[in-house]
Amino acid sequence: MRWQLSLAKHRSLTGHSRMARRFASLVPFYEYGESQFFSTDGAPENVVAARRAGFRRLAQLFAERFKQTAGLTSEIGGAVSDLQFTSRYRVPFQFSGYVRRHFKPGTFLASSSGVTVTDLDGNALYDLTGSYGVNVFGYDFYKECIERGGERVRDLGPVLGAYHPVTAYNVRRLLQISGLDEVSFHMSGTEAVMQAVRLARYHTGRSHLVRFCGAYHGWWGDVQPGVGNPLAARETYTLKDMDDASLRVLRSRKDIACVLVNPLQALHPNVSAPGDSTLIDSGRRAHFDRDAYAAWLQQLRNVCSARGIVLIFDEVFVGFRLAPGGAQEYFGVRADMVTYGKTVAGGLPVGVLCGRREYMRRFREDRPADICFARGTFNAHPYVMGAMYEFLQRIDTDAVRELYRDLDSVWNSRARVLNERLAVAQLPVRVANLSSIWTIYYPAPSRYNWMFQYYLRAAGLSLSWVGTGRLIFSLNYTAADFAEVADRILSAAAAMQSDGWWWCKATLTNKAIRRRVFKEMIQARWASAAPATSPMGSISSPRIK
Ligand SMILES: Cc1ncc(COP(=O)(O)O)c(C=O)c1O
């Protein structure tokens, strides 16, 4: 059984949670000084000079264009833990300090409209953040949901515990959409997932949850067993996605309560959500094969049914984005439980769990003291229910139905045409997509791909803190809006190329880059461990010049 489990682990560190946490704890801090920052790939002098000039120009542009936005961010940033974290992890840590000192894009926004957001300096930027995936239909849609929803529940106000009548409609619609029997409301996607797993354990009497390598299910410890969680998750198996070895484990083990699936992984099975902070080379790839993933889900469905394992689709991200009936409809496979979140409360915070009756019950008729507890002060808050009511009503309108029509062919053809244009222009940038969820990857080896996020920002495109790892389009992007974004991606890439960042030795490979970075880490670790008087040298600072 142990051997079978080992075979079902992905060979990467992501597939080995304990080892990944151990490795992460050993990675030493070091950073590049001024000169190495521009030439860590051994670029010749003229290329280094072009990079320096490009960097200075961009830094100057940021300082002027984002002055007030950056000013307020600097003022408050030191006191906001979230901001400190995200600003530090926008680019690989070796480059991060220097970048932070020179680029201060700022975090504040004043308004949104159509497909743009406007910062405190009055810059309108095309929004590619999608507000973490919440924004499926455009910000104006959500403003209306919140406003009208608020009007609907105003008389009751913030009364908790009892339900506003709009909740009855929400329950009925959610059950229709999910095809399941019962629903529970929570305050975040993370909580909905926690509840799904807790119930699965309660009803099966088994301990373990299975998640697939790289999949994000929120920040609860049991679903985040690797880096980021100070404790090892003992009752979690992280298995290879889309692999027979994992099916064999599901078929044979008796301790598995549930299988959690985040269908977003179809875009990059076995890989964590891509962010530019890990972009030390050009190894990032993505590709979506709908039929192959649907076949995989069907195999999971079969084995879960045969073994009494609860199959949970975590649709917090993709629900309502791929199809009106979510991933279940899109891939044609039914789950025992489904979580929704993000968009479903019309722009207000929420988590929803829908499930089959036998799994949702929190008590046992025959053993009244044996309960499965779950509460939450703000669950089913009237304002959240009001905005959700508006959301669920509106997705049935012709205008929204129209947005869903030909959804994949629209976004696939936009991605294809953009890739063709990038290829014709000989720019080392490509996109891959799962419908309106995109990621950028880089076909040629380079140490500087993470710089692209700053060129895109200068071109008026707003990305989230994971940079080019994830672009999320709202479905109200018209052909004209998209054409403008595509032009800007091309011009940003052309500017980055002419500034020399993508220069590369003919012999450079991603493997060589990774080897070099690994060597740097060993040197830095050795330097920090060596006594100051070491006869081997006087490296007392981990900074590598
Ligand atoms: C698939 C999935 N599950 C769960 C979550 C957690 O949701 P929340 O951030 O609302 O806690 C997320 C958030 O990104 C998600 O993408």
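Residue indices begin at 1 and follow the sequence shown. All values reported here derive from a predicted model rather than from experimental measurement. Each ligand, and each atom within it, is numbered from 1 in the order the structure gives.
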Discussion item. I'd like to know if R290 and D408 make a salt bridge, using a cut-off of under 4.0 Å between side-chain N and carboxylate O.
Written reply: yes

Worksheet item: Can you name the nearest heavy-atom pair linking Y404 to A323, along with the distance?
Response: CE2-C, 3.7 Å

Discussion item. Please work out, at 4.0 Å between heavy atoms, whether the side chain, the backbone, both, or neither of N262 comes within that distance of ligand 1.
Written reply: side chain

Item to complete: Give the atoms of ligand 1, by number and element, whose distance to some non-hydrogen atom of F317 is under 4.0 Å.
Response: 16 (O)

Worksheet item: What is the closest protein heavy atom to atom 13 (C) of ligand 1, and at what distance does it sit?
Response: K342 NZ, 3.1 Å

Practice prompt. For Q176 and R173, test the side chains for any donor-to-acceptor distance below 3.5 angstrom and give the result as yes or no.
Written response: yes

Discussion item. Taking the six-membered ring for Trp, are Y454 and F103 closer than 6.0 Å centroid to centroid?
Written reply: yes

Worksheet item: What about V193: any of its N or O atoms under 3.5 Å from an N or O on ligand 1?
Response: no

Response to the item:
Ranked by distance from atom 11 (O) of ligand 1, the top protein heavy atom is T190 OG1, 2.6 Å

Fill in: Positive for ring-ring contact (aromatic ring centres under 6.0 Å, His included) with F212, one of W296, Y237, Y293
W296

Item to complete: Could you tell me whether D314 and ligand 1 have an N or O pair separated by under 3.5 Å?
Response: yes

Fill in: Region of Y216 that comes within reach of ligand 1 [heavy atoms, distance under 4.0 Å]
both

Worksheet entry | Row check, F66 ring normal vs R457 NZ/CZ: under 6.0 Å, within 45° | yes

Worksheet item: Please state which protein non-hydrogen atom is closest to atom 10 (O) of ligand 1 and give its distance, to 0.1 Å?
Response: G189 N, 2.9 Å

Worksheet item: Going by the order shown, which atoms of ligand 1 are within less than 4.0 Å of some heavy atom of S188?
Response: 10 (O), 11 (O)

Worksheet item: Which bit of E191 gets closer than 4.0 Å to ligand 1, counting heavy atoms only: side chain, backbone, both or neither?
Response: neither

Discussion item. Looking at R357 and E182, is there a salt bridge between them, counting it only when a charged N and a carboxylate O are closer than 4.0 Å?
Written reply: yes

